[in-house]
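Atoms within each ligand, like the ligands themselves, are counted from 1 in listed order.
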Amino acid sequence: MRIAVPNKGRLHEPTIDLLERAGLHLENGADRKLYADTVDPDVTVLFARAADIPEYVSDGAAELGITGFDQVREARVDDVSELLDLEFGRCRLVLAAPEDGDTDAVADLAGKTVATEFPNITADFFATTGVDPDIVEVSGATELTPHVEMADAIVDITSTGTTLKMNRLAVIDEVLSSSVRLFGREDVLDGPKVGEVRTALSSVKHAEGKRYLMMNVPRDRLEDVRDVIPGLGGPTIMDIADEDDGDAKVAVHAVVNERDVFETITEVKTAGASDILVTEIERLVE
Ligand SMILES: Nc1ncnc2c1ncn2[C@@H]1O[C@H](COP(=O)(O)OP(=O)(O)OP(=O)(O)O)[C@@H](O)[C@H]1O
Ligand SMILES: O=P(O)(O)OC[C@H]1O[C@H](OP(=O)(O)OP(=O)(O)O)[C@H](O)[C@@H]1O
Ligand SMILES: [Mg+2]
């Protein structure tokens, strides 16, 4: 099975990092190679441009793909399905125009020109508004086009808003909200490998922001400790083999949200826990 992933750009590294954390370690994937093997002999990674990945999956060059939702929508592929929101590469496609110009609303764009790297998404957006501007496709530096009289407005990616601000552009409307997705061609979705890859990647997402808490608790304080552990399932309670103590203490393990760890430690300690350990979780298969 082949997974197409971004070969460069801002999505490349986080995608490789995610595959590694999911246990799909890349082998002999030196720079500029088109393919890399993984520890799983049945899984190959194919490197492609973020914008080409939906087409690669649709055409059969790969079975699965990882790229931005914006690219999937722009490619207008109708035979692929989303399997997982990977929740990075978050950005918005927005309609924006010069701050000090006379374009303040969608209606102001009747008979005007909009420049974008996403002509299909832009056309779909305007089709819902009843306004029908000319759409000009550019391949980058879109933010410049209103200042060189190429366009009256743009549809482009924004995340922090810095680029729009630097180019004195104001948002008129949101066109699309995007993040990176795992998707696959519909005719292969039932295969066992697809399920395995999906589970591996989602287990990394589930583990993010969670910590594993371990502690020892006198058996007669167990209920007090249990009461203060915020529930994410569990906790797991285990007997401790201890010759001197008999069964006076038990080990308590629990998965907790990272943001709750600080408070929980204080509370379980007050409730009688000792030998408290906090560790990171690599993967959490639910
Ligand atoms: N500023 C941003 N913040 C968050 N995600 C972004 C941002 N810019 C782009 N993305 C996401 O990353 C995807 C790829 O963008 P990137 O800039 O890496 O590639 P590109 O410039 O289109 O590619 P290439 O360098 O191959 O021309 C976008 O389609 C979008 O989903
Ligand atoms: O809201 P901001 O945080 O400023 O991000 C928005 C910018 O990020 C992307 O460009 P990128 O940095 O990927 O450069 P590129 O034009 O080379 O793709 C996008 O095309 C915007 O220009
Ligand atoms: Mg870019």
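- Annotation: Phe69, atom CZ; neighbour count of heavy atoms from other residues, nucleotides and ligands within 6.0 Å is above 12.
- Heavy atoms of Arg49 found under 4.0 angstrom from ligand 1 belong exclusively to the side chain.
- Shown here is Arg259, whose CZ atom has no more than 12 heavy atoms of other residues, nucleotides or ligands within 6.0 Å.
- In this structure, the side chains of Glu196 and Asp42 stay at 4.5 Å or more apart for every pair of heavy atoms.
- Between Val136 and Val114 the shortest side-chain heavy-atom distance does not fall below 4.5 Å.
- Inclusion of Gly161 in the set of residues having an N or O under 3.5 Å from an N or O of ligand 2 is warranted.
- When heavy-atom distances to ligand 1 are checked against a 4.0 Å cut-off, Arg90 comes that close only through its backbone atoms N, CA, C and O.
- For ligand 1 and Gly9, the ligand atoms under 4.0 Å from any heavy atom of the residue are 18 (O).
- The structure places CZ of Arg92 at 9.5 Å from CG of Asp173, a figure rounded to the nearest 0.5 Å.
- Among Asn257, Ile265, Thr264, the one residue that satisfies the side-chain contact (heavy atoms from CB on, under 4.5 Å) test with Val261 is Ile265.
- Neither the backbone nor the side chain of Glu117 comes within contact range of ligand 2; no heavy atom lies under 4.0 Å.
- The Ile157 neighbourhood of ligand 2 comprises atoms 6 (C), 19 (C), 21 (C), with distances under 4.0 Å to a heavy atom of that residue.
- Taking every heavy atom of Lys8 and a limit of under 4.0 angstrom, the matching atoms of ligand 1 come to 24 (P), 25 (O), 26 (O).
- Proximity to Leu11 (heavy-atom distance under 4.0 Å) selects the following atoms of ligand 1: 12 (O), 13 (C), 14 (C).
- Closest non-hydrogen pair, Leu201 versus Ala22, comes out as CD2-CB, 3.7 Å.
- Contact atoms of ligand 2 toward Thr160: 1 (O), 2 (P), 3 (O), 4 (O) (distance under 4.0 Å to a heavy atom of the residue).
- Interface atoms of ligand 1 facing Gly68, defined by a heavy-atom separation under 4.0 Å, are 31 (O).
- In this structure, of Gln71, Arg10, His12, Arg181, the residue bringing a heavy atom nearest to atom 7 (C) of ligand 1 is Arg10.
- Of the residues Thr67, Asp59, Val80, the one that meets the side-chain contact (heavy atoms from CB on, under 4.5 Å) test with Pro54 is Thr67.
- Using a 4.0 Å heavy-atom cutoff, Glu143 is listed among the residues neighbouring ligand 2.
- Each of the atoms 1 (O), 4 (O) of ligand 2 lies under 4.0 Å from some heavy atom of Thr162.
- The minimum heavy-atom distance linking Arg198 with Leu83 is given by the pair NE-O, 2.9 Å.
- The closest approach between Gly89 and ligand 1 falls below 4.0 Å for a heavy atom of the residue.
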